[in-house]
Amino acid sequence: MNYWLMKSEPDVFGIEHLKKMPKQTEHWDGVRNYQARNMMRDDMKKGDLVFFYHSNTEQPGVVGIMKVVREAYPDYTAFDPESKYYDPKSDPDKPRWFMVDVKYQRHTRRNITLAELKQYPELEDCPLVRKGNRLSIMPLNKQQWDFILDLENTD
DNA sequence: GCCAACGTTGGC
DNA sequence: GCCAACGTTGGC
């Protein structure tokens, strides 16, 4: 079982959107970065747990937990000229981009903010807190996952 | 294969 | 809205 963190802008698709989806499940489309794609396609397994992270917002941070319910399959938004994620170089016979399905589990008890996460030496190896990091999907080890999750019970 | 130009992410 | 960081593209 692996642990992950995935970023999304709450104005575009936030945790409230996921919670309101049928079956509280949605496909995680629009990943257009090879490093993120590779991890999602190769390493993300059914049952893996994922932190939902709100980016590009007033208080970026971890706001909830979701679970991978379907492993990687072609991201069809890449084939749709109407989609903002359209990529003419992705061939349906040889798709370039992939997505997984995730299901809402719960909100964390509070927004565990980036500002806060940056303070802890326990997390200094995590790409999230490194300056200029733009990875939208990143793996966490169990220690990092547990550490962040414990923070929801502090003030 | 190098690298300048350009586009995007995302914190602030 | 600004801009640093970084990924991608494409000319050579």
Side-chain angles (χ1 to χ4, degrees), chain A residues 2-21 26-44 48-68 72-102 104-141 143-145 147-152 154-155:
Chain A
N2 302 311
Y3 300 94
W4 305 91
L5 179 146
M6 298 205 289
K7 298 178 182 174
S8 185
E9 302 185 24
D11 295 343
V12 180
F13 186 80
I15 191 165
E16 295 300 338
H17 296 101
L18 180 62
K19 190 178 180 181
K20 286 183 190 131
M21 295 302 294
E26 179 63 308
H27 48 268
W28 200 267
D29 61 17
V31 172
R32 296 291 179 270
N33 168 285
Y34 290 104
Q35 213 183 331
R37 177 205 66 182
N38 292 348
M39 289 188 287
M40 189 167 61
R41 184 191 57 192
D42 304 335
D43 300 327
M44 205 171 272
D48 284 0
L49 292 174
V50 185
F51 281 134
F52 199 127
Y53 176 93
H54 280 172
S55 65
N56 229 325
T57 184
E58 242 172 274
Q59 289 283 358
V62 171
V63 294
I65 297 172
M66 47 194 172
K67 185 159 79 176
V68 177
Y73 59 104
D75 182 342
Y76 52 75
T77 63
F79 311 138
D80 175 9
E82 301 297 310
S83 169
K84 68 168 179 163
Y85 298 125
Y86 178 56
D87 180 358
K89 292 178 200 152
S90 188
D91 181 341
D93 292 328
K94 201 167 179 280
R96 173 179 289 199
W97 304 114
F98 291 81
M99 57 190 178
V100 297
D101 287 355
V102 288
Y104 174 85
Q105 301 296 111
R106 66 177 180 88
H107 277 65
T108 43
R109 289 186 55 215
R110 61 187 187 85
N111 180 2
I112 305 164
T113 66
L114 177 64
E116 189 183 343
L117 295 172
K118 280 181 165 174
Q119 298 171 15
Y120 300 104
E122 286 88 341
L123 298 174
E124 67 190 8
D125 291 336
C126 180
L128 182 69
V129 301
R130 286 210 284 265
K131 194 178 178 186
N133 157 69
R134 293 165 47 188
L135 257 191
S136 63
I137 298 179
M138 67 189 75
L140 298 174
N141 62 37
Q143 288 73 23
Q144 292 165 335
W145 173 274
F147 184 81
I148 295 171
L149 198 51
D150 273 349
L151 292 175
E152 75 173 336
T154 63
D155 292 319

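Convention: sequence-line order gives letters A, B, ...; per-chain numbering from 1. Computed over heavy atoms, backbone and side chain alike; hydrogens, waters and symmetry mates excluded. Quantities reported herein were computed from a predicted structural model and do not represent experimental measurements.
Rounding to whole angstrom units, CG of residue Asn133(A) and P of dT9(B) are separated by 13 Å. Protein atom CG of Asn33(A) is 10 Å distant from nucleotide atom P of dT9(B), rounded to whole Å. The interatomic distance linking Arg130(A) (CZ) with dG11(B) (P) rounds to 15 Å, in whole Å. Counting to the nearest Å, the C1' atom of dT9(B) and the OH atom of Tyr85(A) are 12 Å from each other. Here the C1' atom of nucleotide dT8(C) and the CZ atom of Arg37(A) are 14 Å apart, to the nearest Å.
Residue whose closest nucleotide on DNA chain C sits further toward the 5' end, between Lys131(A) and Tyr34(A): Lys131(A).
Using a 4.5 Å heavy-atom cutoff, the side chains of Met6(A) and Val102(A) are in contact. The side-chain heavy atoms of Trp145(A) and Leu49(A), taken from C-beta on, include a pair separated by under 4.5 Å. Considering only heavy atoms from C-beta on, Cys126(A) comes within 4.5 Å of Gln144(A) through its side chain.
For the residue pair Glu16(A) and His107(A), a side-chain donor N or O sits within less than 3.5 Å of a side-chain acceptor on the partner. Side chains of Arg109(A) and Thr154(A): no donor on one and acceptor on the other come within 3.5 Å. There is no side-chain donor-acceptor pair under 3.5 Å between Asp29(A) and Tyr76(A). If you check the side chains of Asp75(A) and Thr77(A), you find a donor sitting under 3.5 Å from an acceptor.
Residues from residues 116-124 of chain A lying near DNA chain B, meaning a heavy-atom separation below 4.0 Å, are Lys118(A) in numerical order. Taking every heavy atom of residues 51-59 of chain A and every atom of DNA chain B, pairs under 4.0 Å involve Tyr53(A), Ser55(A), Asn56(A), by number.
Between Lys20(A) and Glu26(A) there is no salt bridge, since no side-chain nitrogen of the basic residue lies less than 4.0 Å from a carboxylate oxygen of the acidic one.
Under 4.0 angstrom from either OP1 or OP2 of dG10(B) there lies at least one side-chain N or O belonging to Lys7(A). Between Lys89(A) and dT9(C), a side-chain N or O to OP1/OP2 separation shorter than 4.0 Å is present.
Taking the six-membered ring for Trp and thresholds of 30 and 60 degrees, Trp28(A) and Phe13(A) have ring planes more than 60 degrees apart, a perpendicular arrangement.
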Using the 3.5 Å cut-off, write out each protein N or O paired with an N or O of nucleotides 5-7 of chain B and the distance between them.
{"from": "dG7(B)", "atom 1": "N2", "to": "Arg134(A)", "atom 2": "NH1", "distance (Å)": "3.4"}

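The listed nucleotides are dG11(B), dG10(B), dA4(C); the one nearest the side chain of Leu114(A) is dG11(B).
Residue-level contact check: Leu135(A) touches the backbone only, with heavy atoms under 4.0 Å from sugar-phosphate atoms and none from bases.
In this structure, the ring of Trp97(A) has its center less than 6.0 angstrom from the ring center of Tyr34(A). Ring centers of Phe147(A) and Tyr120(A): under 6.0 Å apart, within the cut-off.
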